Amino acid sequence: MPVILAIESSCDETSASVCRDGKILSNHIANQTVHEQYGGVVPELASRAHMQNIVPVVDVALQRAGTSLTDVDAIAFTQAPGLIGSLLVGSQFAKSLALALNKPLIAVHHMQAHVLANLIPEDRPSFPFLCLTVSGGHTQIVLANSPSELKVIGETLDDAAGEAFDKSAKLLGLPYPGGPLIDRYAKEGDPRRFSFAEPQIPELDFSFSGLKTSILYFLQKETKANPDFIRENLADLCASIQERIITILLKKYKRAALQTGITDLCIAGGVSANSGLRNAFLEMCRHNHWKGFVPPFEYCTDNAAMIAITAYHKFLDHQLTPLSVSASARAGWD
Ligand code: KG4
Ligand code: ZN
């Protein structure tokens, strides 16, 4: 019955989670609001906020799980990718704890953890499964053969889906991060009102930078004729932009399912919290008689529970990490 304490600090959320025998007992997340006024995450401020948050966040996670440090069998942390200053706070904290408690250390890749977040709920996919991971920094289709055998079979060539949401929101004058706001306004809008360019990219890869440019030119043209154009059409603009991002994502995801013949499909990452994407994805699965899995909201955006579940499988596999390991901003899988 291994008890794992996991820490996630790759970007602007400080999170800690405790899991016992693969069951999540707590998942505490401290959001950093300091970045809102700058329209994006300021790395130096993120590191400082992690420094302030990390001890209280770990304390709350242990308390909520009804455990203490003496019960913990291993310490897990996000090693890569992310903001290096942010990663260093979590990794140094985890390494210090492992050294002080004389417990094993487990380094976890953030993107692999997003995929394996789908193993947290009781209703979970069977291997092999596919996962569309859509976050602020990544857009990937991953083939999961086992917890330790994950292969990227498609990815974005430029912007991530989350960036497409956030940059579009910025063009509409919405604050950062704009993804959840586009989701909210889109609920009231007509997704067929405006049509934006669809990129023609081969195989299972994606591109979102052209969409941003086409929205920019469209808004420049319309606001020249009517300065109130965005305000008067905000809901329809949000619905149409969201619709285009969803069709780009699901077209490739459907192709991946047909090419591989895999019928257990998941979504993961911050953008998988998008209600339009969740509904369209589940509808696509129903239509094709595939099994669709969407993680609960708290496991979509950055969280330590996904680090804990990944570490649990690594622990069972004896994949422990030496204390000499260093954090890395790089996105590579190995
Ligand atoms: O996975 P995540 O929390 O952090 C990264 O690892 O990047 O993803 C953050 C991204 C942001 O771009 C944010 O705007 C987007 O997820 N996001 C959403 C929604 N909630 C979060 N995008 C669209 N609709 C949402 N409901
Ligand atoms: Zn993430």
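Quick caveat, the model's predicted, so the values are computed rather than measured. Start at 1 and go down the list; that is how both ligands and their atoms are numbered.
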>> To check your reading of the model: name the closest protein heavy atom to atom 15 (C) of ligand 1, its residue, and the distance in Å.
In response: V271 CG2, 3.9 Å
> At a 4.0 Å threshold, what atoms of ligand 1 neighbour a non-hydrogen atom of T301?
Replying inline: 3 (O)
> Counting each atom of ligand 1 from 1 as listed, which ones have a heavy atom of G162 under 4.0 Å away?
Replying inline: 12 (O)
> Quick one: does Q242 get a heavy atom under 4.0 Å from ligand 1?
Replying inline: no
> Can you find a heavy atom in the side chain of D21 that is under 4.5 Å from one in the side chain of P2?
Replying inline: yes
> Side-chain donor-acceptor pair under 3.5 Å between R278 and S275, yes or no?
Replying inline: no
> Can you check whether S275 has an N/O within less than 3.5 Å of an N/O in ligand 1?
Replying inline: no
> With under 30° as parallel and over 60° as perpendicular, where do the rings of F194 and F196 fit, or are they tilted in between?
Replying inline: tilted
>> Rounding to 10°, state the angle centred on the Zn ion (ligand 2) that links OD1 in D302 with NE2 in H110.
In response: 90°
> Quick one: which ligand 1 atoms are inside 4.0 Å of a heavy atom on H114?
Replying inline: 1 (O), 6 (O)
> Atoms of ligand 1 less than 4.0 Å from G137 heavy atoms?
Replying inline: 7 (O)
> To which protein heavy atom is atom 11 (C) of ligand 1 closest, and what is the distance rounded to 0.1 Å?
Replying inline: D166 OD2, 3.5 Å
> Is it true that V41 and L45 fall in one hydrophobic cluster, defined by side-chain heavy atoms closer than 4.5 Å?
Replying inline: no
> F218 vs F229 aromatic rings, parallel, tilted or perpendicular, using cut-offs 30° and 60°?
Replying inline: perpendicular
> Is there an N/O/S atom in C11 at a distance below 2.8 Å from the Zn ion (ligand 2)?
Replying inline: no
> Short N/O distance, under 3.5 Å, between N274 and ligand 1?
Replying inline: yes
> Among all protein non-hydrogen atoms, which one is nearest to atom 22 (N) of ligand 1, and what is the separation to 0.1 Å?
Replying inline: G179 CA, 3.5 Å
> Got V55 and F93 here, is their nearest side-chain heavy-atom distance under 4.5 Å?
Replying inline: yes
> Do ligand 1 and E163 have nitrogen or oxygen atoms that lie under 3.5 Å from each other?
Replying inline: no
> With a 4.0 Å cut-off, would you call E203 and K252 a salt bridge?
Replying inline: no
> How far is atom 26 (N) of ligand 1 from its nearest protein heavy atom, and which residue and atom is that?
Replying inline: D183 OD2, 2.9 Å
> Non-hydrogen atoms of C11 versus ligand 1: any pair closer than 4.0 Å?
Replying inline: no
> Would the F297 and Y299 ring centres measure less than 6.0 Å apart?
Replying inline: no
>> So for atom CE, which belongs to M51, do other residues, nucleotides or ligands contribute more than 12 heavy atoms lying within a distance under 6.0 Å?
In response: no
>> Yes or no: does R184 have any heavy atom under 4.0 Å from an atom of ligand 1?
In response: no
>> Using a 4.0 Å cutoff against the non-hydrogen atoms of H110, which atoms of ligand 1 qualify?
In response: 6 (O)
> Among protein heavy atoms, which lies nearest atom 7 (O) of ligand 1, and at what distance?
Replying inline: G136 N, 2.8 Å
>> Walk me through whether E198 and K251 qualify under salt bridge (charged side-chain N to carboxylate O under 4.0 Å, His left out).
In response: CA-CA 11 Å; E198 187 176 349; K251 205 168 172 179; 3.0 Å; yes
> What do you reckon, does D302 have a nitrogen or oxygen under 3.5 Å from a nitrogen or oxygen of ligand 1?
Replying inline: yes
> N/O/S atom of H138 under 2.8 Å from the Zn ion (ligand 2), yes or no?
Replying inline: no
> Side chains of N27 and E298: do they bring a donor and an acceptor to under 3.5 Å?
Replying inline: yes
>> Just to be sure I'm reading this right: ignoring hydrogens, which of G276, G270, G269 gets closest to atom 18 (C) of ligand 1? Compare them by their nearest heavy atoms.
In response: G270
>> salt bridge (charged side-chain N to carboxylate O under 4.0 Å, His left out), that's the test. Do K314 and D317 meet it? Break it down for me.
In response: CA-CA 5 Å; K314 288 189 153 207; D317 234 13; over 6 Å; no
>> Is the shortest side-chain heavy-atom distance between V325 and F77 below 4.5 Å?
In response: yes
